Protein chains: 2
Amino acid sequence: MATIVDVAKHCGVSTATVSMVLRDKGRISDKTRQRVLQAIDELGYVYNQTAANLRNQHSNQIGLLLNDITNPFYSEMTAGLSQEMEDNDLMLFLANSEDAVARQKKFIESLLSQKAGGLVLCPAKGTDQKFLATLKRRQLPVILAVRDIEGTDYDYVGTDNFYGGQLVTQHLLDLGHRHIAFIGGDKASKNRASRMGGYMSKLIEHNITPQLGWMATCPATRNGGAAAMETLLKHHPEVTAVVCYHDIVAFGAIRTLRQHQLEPGKDIAITGFDDVPEAADTYPALTTISVSAREIGRRAGEALLERIRGNTEPQKRIIIPPKLVIRQSCGYTDPNDNG
Amino acid sequence: MATIVDVAKHCGVSTATVSMVLRDKGRISDKTRQRVLQAIDELGYVYNQTAANLRNQHSNQIGLLLNDITNPFYSEMTAGLSQEMEDNDLMLFLANSEDAVARQKKFIESLLSQKAGGLVLCPAKGTDQKFLATLKRRQLPVILAVRDIEGTDYDYVGTDNFYGGQLVTQHLLDLGHRHIAFIGGDKASKNRASRMGGYMSKLIEHNITPQLGWMATCPATRNGGAAAMETLLKHHPEVTAVVCYHDIVAFGAIRTLRQHQLEPGKDIAITGFDDVPEAADTYPALTTISVSAREIGRRAGEALLERIRGNTEPQKRIIIPPKLVIRQSCGYTDPNDNG
DNA sequence: CTGAAAGCGCTTACAG
DNA sequence: CTGAAAGCGCTTACAG
């Protein structure tokens, strides 16, 4: 395996020169550059990034930690980030925390040990500021994505969950619904709290008292949504519409509806959050909040790049405005006809 | 930042000793080990993997190249592989080729430059043996996943596409269908050819002449499926059932069906391939071929680990048997009633 | 515009 | 069971 030394010898220059043409740095005469390039070609030289990493004290690698890559929302986000990284010759380390802080910690320690250049973090449930503070000390640039953490000064890229919750609830109210439930999500989830906050604020605005029984937590999965809908149906038959924590929960809830021969959009209105690709293709297609996961990934990548390049501006919070996407899962007609 | 040298000095041993306790190698007396561990703790020493990578001439990093991480099939596979990697303290590089050989090449070159330990490759469309042969020379362990390439001796993990195509076609034939179409997938796709081969073999077995007009290629996306179904409906109204290249194509096709007020499973039978999570939650739920993407990811990881550890057995081909999953998209009743 | 040389932080072969 | 030292292949500060 040829090294930079071989290349240098082969064309009678120093290794410094070779290194410089390799990275387009410093002033090298065109003639020398050509000679070096040719030697590289002739020797089949391959740049050894591991040596550069050691010498540079940092690598061209960045991490992405997700809770659940299996959720299409995160796949889309990953695609957006991956694109951004590729365009900048950075390599992307991927790991799935599955919402376990222990896994998260392990991954981040590997990152540190690899001298990774940065991290896009969708923090696992239960991540505390203290943990982030230790990260801070280690000088690793971090961008928080999707899930915010209070009391940190890392940049954050996400959406306005409160407003999204309002948007979807207002839509249901406009359609005439008065008995509106909210299901799904973890009790400790801040995003859930915000979405539910938006939901409740709209109920109040319309003089409807939020009922505790209308609000149920559940794992943010298809099965979680299905189970939550099951108990909701049993105990609160008065409900005519349900706001789901996100699309995946909604899909599970719809499954339960169908098992009860209830038609979403006709017998009961249902909404999601995220606007995952599948949402447009279910039957009826899901009315939901579009959050542009891909855009979140892209913007997180951009923000991370800036930090890696040494930008030390104060904390930035990039909030991508949510949009209501009206499809068929809330029907077209006056819901009072059915409820 | 403390190094191994600092640790060694701090407890009066050599760096060799520290290195050895760090990696649980060689014989170190328990007393020495304890002293070293304590020094590490006291100094807040962090192992520098980049130095180890340079010294070892290879890293603890492996690559995963996908065509489309946005397809839930690949997300599931990624989750399976990621799990396997984590269990073995390997880091996973992810990249999306989007079926462009140029991107694929670039990623693999980065991997080589990083001295990655191996690669799980879902080759991009148009990958030729020649390219794989050069990889071979570079000594990078590679496992092919999902898409096979002829004329290479790399291990392969995938499913039996031909048999899967047969399974689904036989099901449709059993239900009484005689005019069965096959839509979706790229003309050059080997997997598509195999699935379609299975489909045709079953038609022939039942004395049905496969019609060219019943078989349409299309991009393997939702929109591709939707468009293909559109033209099929227009030109071949005699068709009562359609085998889709995979689930995502089927979801797009179903969208078109709905737009024409056609009910899948009643007016027309439709099947998928992959058994993506969504398939169980669409309405009607999709009859499809289960391929266990997660298992493919896991097995690919296992196979790669073996190769990394120096196993030089001849090429291994791991074929995970496909299973027919009957749901509602082909109906329950005699399809002749409708067609 | 180019060269000589130190050093990044490990691991391992060798000696004891 | 442990130590001294070479070397992995780069990059950069310095000198010219």
Side-chain angles (χ1 to χ4, degrees), chain A residues 1-37 39-40 43-61 89 91 109-110 112-117 138-139, chain B residues 1-37 39-40 43-61 89 109-117 138-139:
Chain A
M1 206 82 233
T3 74
I4 222 178
V5 176
D6 302 316
V7 175
K9 270 188 202 141
H10 190 266
C11 55
V13 301
S14 77
T15 60
T17 306
V18 178
S19 176
M20 281 165 141
V21 341
L22 244 19
R23 286 165 310 114
D24 257 324
K25 244 189 123 187
R27 320 165 178 285
I28 307 283
S29 70
D30 217 54
K31 213 183 79 197
T32 312
R33 175 188 313 283
Q34 290 313 324
R35 272 199 308 168
V36 171
L37 257 20
I40 285 174
L43 299 176
Y45 166 78
V46 177
Y47 184 72
N48 186 331
Q49 181 73 51
T50 66
N53 288 347
L54 172 57
R55 167 65 220 223
N56 292 333
Q57 309 273 47
H58 68 260
S59 71
N60 62 338
Q61 307 163 347
D89 284 312
M91 302 279 287
E109 268 162 9
S110 298
L112 257 7
S113 178
Q114 307 275 0
K115 305 282 177 191
R138 305 291 230 78
Q139 314 264 39
Chain B
M1 206 82 232
T3 72
I4 223 178
V5 176
D6 303 317
V7 174
K9 272 188 199 140
H10 190 264
C11 56
V13 300
S14 76
T15 58
T17 306
V18 177
S19 175
M20 280 165 142
V21 340
L22 245 19
R23 288 166 309 117
D24 257 325
K25 244 189 123 186
R27 319 165 177 286
I28 307 285
S29 71
D30 218 53
K31 214 182 78 197
T32 312
R33 174 188 314 282
Q34 290 313 323
R35 271 199 309 168
V36 171
L37 259 17
I40 285 173
L43 299 176
Y45 165 78
V46 178
Y47 184 72
N48 186 332
Q49 182 73 52
T50 66
N53 288 347
L54 173 57
R55 166 66 219 222
N56 292 334
Q57 309 274 47
H58 68 260
S59 71
N60 62 337
Q61 306 163 347
D89 283 313
E109 268 162 10
S110 298
L111 243 32
L112 255 8
S113 179
Q114 307 276 359
K115 305 281 175 190
R138 306 291 231 78
Q139 314 263 38

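Worth saying up front: this structure is predicted, and the values here are computed from it rather than measured. Only heavy atoms go into these numbers, but all of them, side chains included; no hydrogens, no water, no symmetry mates. Letters go in sequence order (proteins before strands), and every chain restarts at 1.
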Kindly write out the residues that satisfy side-chain contact (heavy atoms from CB on, under 4.5 Å) with A/R55, not counting sequence neighbours, or none if the list is empty. none
What's the gap between D/dC14 and D/dC10 when it is taken at their P atoms, as a whole Å value? 23 Å
Separation of A/Q49 CD from B/E109 CD (nearest 0.5 Å): 13.0 Å
Taking only residues two or more places apart in sequence, or in another chain, which ones meet A/S59 in a side-chain contact (heavy atoms from CB on, under 4.5 Å)? A/N53, A/Q61
Reading nucleotides 9-16 of chain D 5' to 3', which nucleotides get B (base under 4.0 Å from a protein heavy atom), which S (sugar-phosphate only), which -? BBBB----
Closest heavy-atom contact between A/D6 and A/T3? OD2-N, 2.7 Å
Which distance, rounded to the nearest 0.5 Å, do you find between the OG of A/S110 and the OH of B/Y47? 11.5 Å
Considering residues at least two apart in sequence or located in another chain, which fulfil the side-chain contact (heavy atoms from CB on, under 4.5 Å) criterion with B/H58? B/N56
Roughly how far, to the nearest 0.5 Å, is the NZ atom of A/K115 from the CE atom of B/M1? 5.5 Å
Just to be sure I understand: a Watson-Crick pair is purine N1 to pyrimidine N3 plus N6-O4 or O6-N4, both under 3.5 Å. Using that and G-U wobbles, which stems of three or more pairs involve DNA chain D? C:1-3 with D:14-16, C:5-12 with D:5-12, C:14-16 with D:1-3
Under the side-chain contact (heavy atoms from CB on, under 4.5 Å) rule, collect the residues that match up with A/R33, sequence neighbours excluded. A/V21, A/D24, A/I28, A/D30, A/L37
